[in-house]
Amino acid sequence: MNFKSIKGTRDILPGEVETWQRAEDVVRRVMHSYNYREIRTPVFEQTELFARSIGELTDIVSKEMYTFHDRSNESLTLKPEGTASVLRAYIQHNLGEQSPLTKVYYLGPMFRQERPQAGRLRQFHQFGAEALGSQSAQLDVEMMLIALDVYQGLGIRQFALAINSVGCQRCRPAYKQRLTYELTKVCDRLSTESQARVKQNPLRVLDSKDENDRRLTKNAPLMKDHLCDGCREHFKSVESLLRSTRTDFRIDGRLVRGLDYYTKTAFEITSPALGSQDALAGGGRYDLLVQELGGKPTPGVGFAAGMERLIMVLKKDRKDLTDRFRPDLFIASLDETTREWAFVKARELRTAGFAVELDYLDRSVKSQMREANRLQARFVIVIGERELTSGSARLKEMQTGKEAPVMLEALEKVLKT
RNA sequence: GUGUCCGUAGUUCAGUUGGUUAGAACGCCAGGUUGUGGCCCUGGAGGUCGAGGGUUCGAGUCCCUUCGGACACCCCA
């Protein structure tokens, strides 16, 4: 019986990992450009934290979490999303006392026990940001812009932004009641899933994929048309800022997020290059959550974006990306003496900042040359007894095949040019 | 969790109505005379045919179970 990676998890091997690193670099660059600072939280937390923040009734909490008991019988859970942990840290370390506005970002693995499919893993990776302490619509839009800047920065072209407002505790209850009333009228004709939603979470009936559900709810009231003054103003500001920054977007009155904690703005970025799981990123405002988790009343906004989905789109849009690490120099050697010399010299050059590779398998020069070629080393130098006694060798530039004499002492200087 | 399809060398795949030592391409290794890559040529290594059970004289080929994968539902990043 051979060991295999757990269902729904995968290895990112050399060759693919370079694409990830490139993406991560862009994420960090964009985050820093908006002055977000990185925060790293543990991969697991008390189960209660997620139940409280995400919502007991959500699919995530009710059936998708990796929950276990440790040896002291405490219930722990591998984090299914990033926001809860960030807010926990924010509250725990009183970050709100250090400055009125906190802007942080994260990048890391998340876990959800779902059936794997295109763009859906049990361990997946997200990057995201949270801005705590301000109600400004500018921050709502900033979240969208960060995600869009990352995609643009990577040369991704296939994506679309959709926004909506899910209201607040002042206007949502009344709307919900009204919607439920309307839905009840057609309830028996809705799909079985939607029938359950009418009671559990009526808002979600609206974004059902079922064609028949869509038809039946065609004239159902939308939250965005029943916002209180505050929410309406806020939503207008978001729209206006998006226009000012010349950002393409569309208002989707049926857009609902899966997590319970959102208020006001909700948004989603999807890509037609993905499969059925087409969301690249999603986020929104959560003005009640910090308080809910035991902190002082603090407004917040955030978003999360899927790394593997980003990579999938990136591979489709940018087939030209095939970079790999290339050694600057490959030192081929002939016998035990020269091999040791090569080892020492390599160390010297590596310390000086060069990527240097050599043969560890006692191979023939021919094989070593093949290896150097495969690694796409920029230069190769063959060291034998002749070279060691004369102190000079020929440096071969692999791309052109040209060789030039070099003094071994001067190797470092020559490589620098 | 439900459904559909799939599971043969490192990789992508072939494998006739079940019938002798399971093949190809690419990749890998070694050579093509004295210390030099890419192209080309020659040779080589590498598979308990996902795993377990069953039917059969005989199973990679049929049946069951199980594990895994792909895709969709659900949900979401």
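What you see below is based on every heavy atom in this structure, not just the backbone, and it leaves out hydrogens, waters and symmetry mates. Please read these numbers as outputs of a predicted model, since none were measured by experiment.
- Contact annotation: A:Ser367 side-chain N/O to B:rA30 OP1/OP2 distance is under 4.0 Å.
- Proximity of A:Arg115 to the phosphate of B:rC75: no side-chain N or O atom is located under 4.0 Å from OP1 or OP2.
- The only member of A:Asn212, A:Asp213, A:Thr217 that meets side-chain hydrogen bond (donor to acceptor under 3.5 Å, both in side chains) when paired with A:Ser194 is A:Asp213.
- Contact annotation for A:Ala118: backbone-only contact, meaning every heavy-atom pair under 4.0 Å involves sugar-phosphate atoms and none involves a base.
- Counting atom types as modelled, A:Glu114 pairs a side-chain N or O with a base atom of B:rA77 as donor and acceptor under 3.5 Å.
- Annotation: of the two residues near RNA chain B, A:Arg386 and A:Gln399, the 5′-most nearest-nucleotide partner is A:Arg386.
- Remark: B:rU66 base-pairs with B:rG50; criterion is Watson-Crick or G-U wobble with both hydrogen-bond distances under 3.5 Å.
- Note on A:Glu403: a base of the nucleic acid sits closer than 4.0 angstrom, heavy atoms only.
- OP1 and OP2 of B:rA30 both lie 4.0 Å or more from every side-chain N or O belonging to A:Arg370.
- For the side-chain contact (heavy atoms from CB on, under 4.5 Å) criterion with A:Ser53, the lone passing option out of A:Val61, A:Leu87, A:Leu293 is A:Leu293.
- The aromatic rings of A:His32 and A:Tyr105 lie perpendicular to each other, with more than 60° between the two planes, well past the 30° mark.
- Ion pair A:Glu16/A:Arg10 flagged as a salt bridge, since at least one NZ, NE, NH1 or NH2 atom sits closer than 4.0 Å to an Asp/Glu carboxylate oxygen.
- The side chain of A:Gln277 places no N or O atom within less than 4.0 Å of a non-bridging phosphate oxygen (OP1 or OP2) of B:rC76.
- Note on A:Gly8: only backbone sugar-phosphate atoms sit closer than 4.0 angstrom, heavy atoms only; bases stay farther off.
- The shortest distance between the side-chain N/O atoms of A:Arg363 and the OP1/OP2 oxygens of B:rC29 is below 4.0 Å.
- Distance from the side chain of A:Lys209 is smallest for B:rC73 among the nucleotides B:rC73, B:rC76, B:rG31.
- Looking at heavy-atom distances under 4.0 Å, A:Arg374 makes contact with sugar-phosphate atoms alone, never a base.
- Residue A:Ile60 is out of contact with every strand shown, counting any heavy-atom pair closer than 4.0 Å.
- Residue A:Arg257 places no side-chain N or O under 4.0 Å from the OP1 or OP2 atom of B:rC75.
- Counting atom types as modelled, A:Arg112 pairs a side-chain N or O with a base atom of B:rA77 as donor and acceptor under 3.5 Å.
- Note on A:Arg204: a side-chain N or O is less than 4.0 Å away from OP1 or OP2 of B:rC76.
- For B:rG1, its base never sits under 3.5 Å from the side chain of A:Lys63 at any donor and acceptor pair.
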